[in-house]
Amino acid sequence: MTIKLLIADDHALLRQGIKNVLSLEPDFDVIGEASDGDEAIRQVERLKPDIILLDVNMPRMNGLEVTRRLKAANQTVKIIILTIHDDESYVFEVIKAGAIGYLLKDIEPGMLVKAIRTVFEGQSFIYPTLARRLFGEFSRQEEKRHETAMAQRRKEERLTYREIEVLQLIGQGLSNQEIAQKLFLSEKTVKNHLTNIFRKINVVDRTQAVLYAIRQKIVVL
């Protein structure tokens, strides 16, 4: 099956260079070119390529806006961004807009061919060094979300006034029975408070709870 390609870039020399590389592949057919964003959209509508190699920085309309408009028009063309920008924010924006490939212009010819075939088969292809950075960024964002969630959880699980009272009495060395009598509670209720306290402050026994209370100045010796 022949893969029909459109090259959209405002530099004629670069378009010709890419065309020369792709012409070596028997199953590739460069059916058109475009030198600006408006022309790229018109050529897609007219020629119906399978894949467009699209530069980001082009006159009249940049590649990001071209991508958005093609997707808004339900064009089935698969979009590969071919650019000099290696900033992760560019990648996020164009992928969000609908591109499924992102390559840098210093790509080796063999990798460009591989990327086109991969995208034609419906899979995404991100320039390898960028992909590693993207995964790193995703990992950092995930870690940050986790820390935020944990902080929110700690905030939500602050000790109640009653639990602080129980903790203070533990710090004074009172037994569960003595705490129950002092606070007019049942011993079972005191035990429930202790269970909640241990879970919230992440300790396993009364000694650790008292140490926590001293550190947090809940109990003053």
Side-chain angles (χ1 to χ4, degrees), residues 1-139 141:
M1 179 180 290
T2 300
I3 302 175
K4 296 180 293 181
L5 296 150
L6 176 70
I7 303 171
D9 194 295
D10 57 332
H11 296 97
L13 193 60
L14 184 65
R15 293 199 305 272
Q16 187 58 50
I18 295 172
K19 192 174 178 179
N20 291 344
V21 168
L22 301 182
S23 66
L24 299 175
E25 302 301 317
D27 56 335
F28 287 3
D29 184 12
V30 179
I31 59 174
E33 301 177 25
S35 59
D36 61 54
D38 283 338
E39 187 180 14
I41 290 179
R42 289 198 303 274
Q43 290 288 62
V44 168
E45 293 171 344
R46 187 173 69 87
L47 300 172
K48 305 295 183 188
D50 298 308
I51 292 174
I52 177 173
L53 296 175
L54 180 62
D55 188 18
V56 171
N57 293 328
M58 287 193 298
R60 297 185 180 176
M61 190 186 306
N62 64 38
L64 177 59
E65 186 58 26
V66 171
T67 301
R68 287 174 176 151
R69 294 198 183 193
L70 289 175
K71 289 301 163 185
N74 293 320
Q75 293 288 346
T76 58
V77 63
K78 296 180 174 69
I79 302 168
I80 297 176
I81 300 295
L82 188 58
T83 179
I84 59 171
H85 298 291
D86 64 350
D87 190 313
E88 293 91 339
S89 60
Y90 273 93
V91 186
F92 283 124
E93 282 299 313
V94 295
I95 289 177
K96 195 162 61 176
I100 60 173
Y102 195 101
L103 306 174
L104 300 183
K105 286 184 175 178
D106 62 355
I107 191 171
E108 293 289 331
M111 188 177 290
L112 174 60
V113 170
K114 179 182 177 182
I116 289 171
R117 291 207 169 101
T118 301
V119 168
F120 181 70
E121 291 169 357
Q123 302 175 49
S124 60
F125 192 102
I126 306 293
Y127 194 81
T129 55
L130 270 176
R132 283 193 290 274
R133 284 161 51 190
L134 280 175
F135 280 120
E137 180 62 24
F138 281 132
S139 178
Q141 289 183 6

Nearest 0.5 Å, what's the CZ-CG distance between Arg117 and Asp27? 4.0 Å
Test side-chain contact (heavy atoms from CB on, under 4.5 Å) on Ile126 and Ile95; report intermediate values, then the result. CA-CA 10 Å; Ile126 306 293; Ile95 289 177; 3.6 Å; yes
I'd like to know whether Ser35 forms a side-chain contact (heavy atoms from CB on, under 4.5 Å) with Met58, so could you lay out the CA-CA distance, the side-chain angles of the two residues, the decisive distance to 0.1 Å, and finally the verdict. CA-CA 7 Å; Ser35 59; Met58 287 193 298; over 6 Å; no
Please evaluate residues Leu82 and Tyr102 with respect to the criterion side-chain contact (heavy atoms from CB on, under 4.5 Å), reporting the C-alpha separation (whole Å), side-chain torsions for both, the decisive distance (0.1 Å), and the verdict. CA-CA 6 Å; Leu82 188 58; Tyr102 195 101; over 6 Å; no
Between Asp9 and Lys105 (salt bridge meaning N to carboxylate O under 4.0 Å), is one present in this structure? yes
According to salt bridge (charged side-chain N to carboxylate O under 4.0 Å, His left out), who are the partners of Asp36, at least two apart in sequence or on a separate chain? Arg60
Kindly compute the distance separating CD1 (Ile116) from CD1 (Ile3), expressed to the nearest 0.5 Å. 7.5 Å
Looking only at heavy atoms, which two atoms of Pro109 and Val21 are closest? And how far apart? CB-CG1, 3.8 Å
Search all heavy atoms of Ala97 against all heavy atoms of Leu64 and return the closest pair with its distance. CB-CD1, 3.7 Å
Beyond-backbone contact of Asp29 with Leu5, side-chain heavy atoms, under 4.5 angstrom: no
If the condition is side-chain contact (heavy atoms from CB on, under 4.5 Å), which residues does Gln43 pass it with, not counting sequence neighbours? Leu6, Ala34, Glu39, Arg46, Leu47
Applying the side-chain contact (heavy atoms from CB on, under 4.5 Å) criterion to Thr67, which one of Val56, Val77, Ile79 satisfies it? Ile79
Kindly indicate whether the side chain of Leu103, heavy atoms from C-beta on, has any atom under 4.5 Å from the side chain of Leu112. yes
Going from OG on Ser124 to NZ on Lys78, what distance comes out if it is rounded to the nearest 0.5 angstrom? 12.5 Å
Basic-acidic side-chain contact under 4.0 Å: Lys96, Glu93: yes
Out of curiosity, Met61 CE to Asp38 CG, how far, rounded to the nearest 0.5 Å? 4.5 Å
Taking atom CG of Leu24 as the centre, report whether more than 12 heavy atoms of other residues, nucleotides or ligands fall under 6.0 Å from it. yes
If I take atom CD1 from residue Ile80 and atom CG from residue Leu53, how far apart are they, to the nearest 0.5 angstrom? 5.5 Å
When rounded to the nearest 0.5 angstrom, what distance separates CG in Asp55 from CG in Asn62? 9.5 Å
Pro59 versus Asp10, closest heavy-atom pair with distance: CD-CB, 3.5 Å
All heavy atoms of Leu22 vs all of Phe28, minimum pair found to be O-CB, 3.6 Å
Taking all heavy atoms of Gly37 and all of Val66, pick out the closest pair and write down the distance. CA-CG2, 3.6 Å
Checking side-chain polar atoms at under 3.5 Å, does His85 have a donor or acceptor matched by the opposite partner on Asn57? yes
Taking salt bridge (charged side-chain N to carboxylate O under 4.0 Å, His left out) as the definition, give me every residue that meets it alongside Arg69, ordered by chain and number, with sequence neighbours left out. Glu65
Got Ile107 and Tyr127 here, is their nearest side-chain heavy-atom distance under 4.5 Å? yes
